[in-house]
Protein chains: 2
Amino acid sequence: MNNKITAVLVDDHAVVRAGFRLLLSSGDKIEVVGEAARGEQAIQLYQECRPDVVVMDLSMPGIGGLETIRRIVQRDSEALILVFSVHHEQVYVSRALNAGAKGYITKNSAPELLTEAIAAIMRGECFVERGLLKNQQDPQPSNDHQAILAEFSPREFDVFRLLAEGMTAQKVADQLCLGHKTVANYATQIKKKLQVDTTTELAHIAVNLGMLQR
Amino acid sequence: MNNKITAVLVDDHAVVRAGFRLLLSSGDKIEVVGEAARGEQAIQLYQECRPDVVVMDLSMPGIGGLETIRRIVQRDSEALILVFSVHHEQVYVSRALNAGAKGYITKNSAPELLTEAIAAIMRGECFVERGLLKNQQDPQPSNDHQAILAEFSPREFDVFRLLAEGMTAQKVADQLCLGHKTVANYATQIKKKLQVDTTTELAHIAVNLGMLQR
DNA sequence: ACGAAACCGGGAAAAGTTCCTTATTTTCCC
DNA sequence: GGGAAAATAAGGAACTTTTCCCGGTTTCGT
């Protein structure tokens with residue numbers, strides 16, 4: 001096997017991409033054949049390069065990581081996507097895997113894990129960093145919120161997250177490039193699904209699920 | 001000193017009162033001369049009994065613990081009030097002391113601490129459970145929120161707390177027996193002081209200060 | 001290809017917010 | 001005690017947000 005594994009990097013932060021490029025290249029097994037700063041670029045790049053794997057951050061401007069995964073997988077159901085995210089919360093992991101990712105590691109995991117993970121998903125395995133899924137198959141008594149949330153559509157989830165962070169509906173609309181009425185409608189719908197009355201309670205749910213840091 | 005220390009107990013939960021009555025009486029130094037389930041009763045009881053100390057929970061229906069402390073101290077500036085609360089957060093401690101309490105211990109502190117605390121405040125000392133105030137005089141770099149919050153008027157603080165919990169302005173108005181316009185005005189004022197735009201951000205502040213449990 | 005679900009937003013009524021203003025009460029200081 | 005300052009309470013008017021209902025498009029699975 002003389003051929004290196006080809007990879008593309010997707011992250012909105014150039015410094016992070018540079019670092020990961022070095023990290024990946026250092027092993028002599030992997031070659032980074034492309035970089036993208038946002039989802040739309042990544043999709044296009046994928047179709048041009050057809051790399052063996054995609055290494056992708058979740059938080060990005062524009063369509064965001066989850067949606068990017070969905071679109072790539074939609075175009076090539078064999079695509080191997082490894083998520084590396086700052087989020088270590090279960091909700092993000094399960095949503096990423098549901099979207100079609102084959103692996104999930106966090107940004108502060110051991111550097112070796114990155115090549116390990118890539119090797120694993122190249123073998124057809126599904127690689128999730130140790131500990132990230134432990135709460136998931138445990139029969140947790142409470143928190144049907146978690147379950148409800150996991151069934152949210154991408155848009156619902158985005159609107160939920162941004163509202164829960166404390167943004168006004170108007171700002172959410174700007175960020176997602178939607179009409180304010182649209183966001184308002186989603187908000188109403190989300191509150192109904194989670195059976196709460198106020199946006200503040202959405203924040204509490206997000207906090208309780210550990211979705212919000214700092 | 002043949003005379004026992006006289007005390008009144010204030011807590012909205014009868015079981016808790018019963019337990020504490022036993023606990024206090026067991027030492028042979030203290031005699032419980034009265035009990036009250038809520039602030040209004042407590043104030044009346046205090047004027048009738050004039051006990052040496054008042055042992056009081058903070059969370060109560062009606063006017064609440066802080067307001068009760070204020071009103072008792074207002075009528076008798078020599079009153080010795082010991083707060084025992086479930087809350088171990090700095091904000092509550094400092095507000096209780098500002099309101100006029102002479103001591104603060106939490107409900108899961110060692111039982112001996114209760115008699116110790118009473119003895120201390122009887123000697124004219126101010127007794128705060130170890131560790132509860134440690135963050136306060138530390139020059140903390142961040143969190144001016146804490147400072148701003150500590151200067152809130154009683155009403156501002158109540159409105160803030162209830163809004164942060166996720167109540168609608170209308171429900172807050174009902175709870176505090178105010179007009180909805182009044183609550184709305186307080187809400188605007190509070191947001192301005194804390195320099196945020198949304199009620200959701202108030203929740204985040206409360207969470208970050210550890211004011212909200214579960 | 002057809003139904004289901006997701007997605008987007010218009011319109012109207014209800015609810016909530018902001019800003020300004022007024023008034024009473026409490027508190028604090030000299 | 002008298003007066004300044006702060007807290008408390010709320011009305012009115014303009015404005016924004018939210019809710020509810022609806023219709024339209026795109027996309028997906030089978």
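Lettering follows sequence order; numbering is per chain, from 1.
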Is [X] close enough to [N] that one of its side-chain N or O atoms is under 4.0 Å from OP1 or OP2 there?
X: A:Thr182; N: C:dC8; value: no
X: B:Ser153; N: D:dT8; value: yes
X: B:Thr188; N: C:dT18; value: yes
X: A:Lys192; N: D:dC20; value: yes

Do the side chains of A:Arg161 and A:Asp158 get close enough for a salt bridge, i.e. N-O under 4.0 angstrom?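 Salt bridge flag = yes for A:Asp158 with A:Arg161.
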
Run the salt-bridge test on B:Lys193 and B:Glu151 with the 4.0 Å N-O cut-off and return the result as yes or no. no

Under a 3.5 Å cut-off for both distances, is C:dC30 Watson-Crick or wobble paired, and to whom?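 Across all strands, the one nucleotide that pairs with C:dC30 is D:dG1.
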
Using distance alone, with no hydrogens and no angle criterion, decide if A:Gln170 and A:Asp174 have a side-chain donor and acceptor under 3.5 Å apart. yes

Matching residue for A:Thr6 among A:Val32, A:Val53, A:Val33 - test: side-chain contact (heavy atoms from CB on, under 4.5 Å): A:Val33

Which of the following nucleotides, [options], is nearest to the side chain of [X]?
X: B:Arg155; options: D:dC21, C:dC8, D:dT8; result: D:dT8
X: A:Lys191; options: C:dC8, D:dT18, D:dT8; result: D:dT18
X: B:Thr199; options: D:dT19, C:dT18, C:dT17; result: C:dT17

When the distance from [atom1] of [X] to [atom2] of [N] is rounded to whole Å, what number comes out?
X: B:Phe157; N: D:dT8; atom1: CZ; atom2: P; answer: 13 Å
X: B:Asp174; N: D:dA10; atom1: CG; atom2: P; answer: 12 Å
X: B:His180; N: C:dT17; atom1: NE2; atom2: C1'; answer: 12 Å
X: A:Gln170; N: D:dT17; atom1: CD; atom2: C1'; answer: 10 Å

Touch check for B:Ala184, heavy atoms < 4.0 angstrom, all strands: base, sugar-phosphate only, or nothing? base

Once hydrogens and angles are ignored, does a donor-acceptor distance under 3.5 Å link the base of C:dC19 to the side chain of B:Asn185? yes

Measure from the side-chain N and O atoms of A:Asp52 to the backbone N and O of A:Ala7, and report whether any donor-acceptor pair falls under 3.5 Å.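 Looks like no, no N/O pair under 3.5 Å.
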
Map A:Lys181 and B:Pro154 onto DNA chain D by nearest heavy atom, then report which one ends up closer to the 5' terminus. B:Pro154

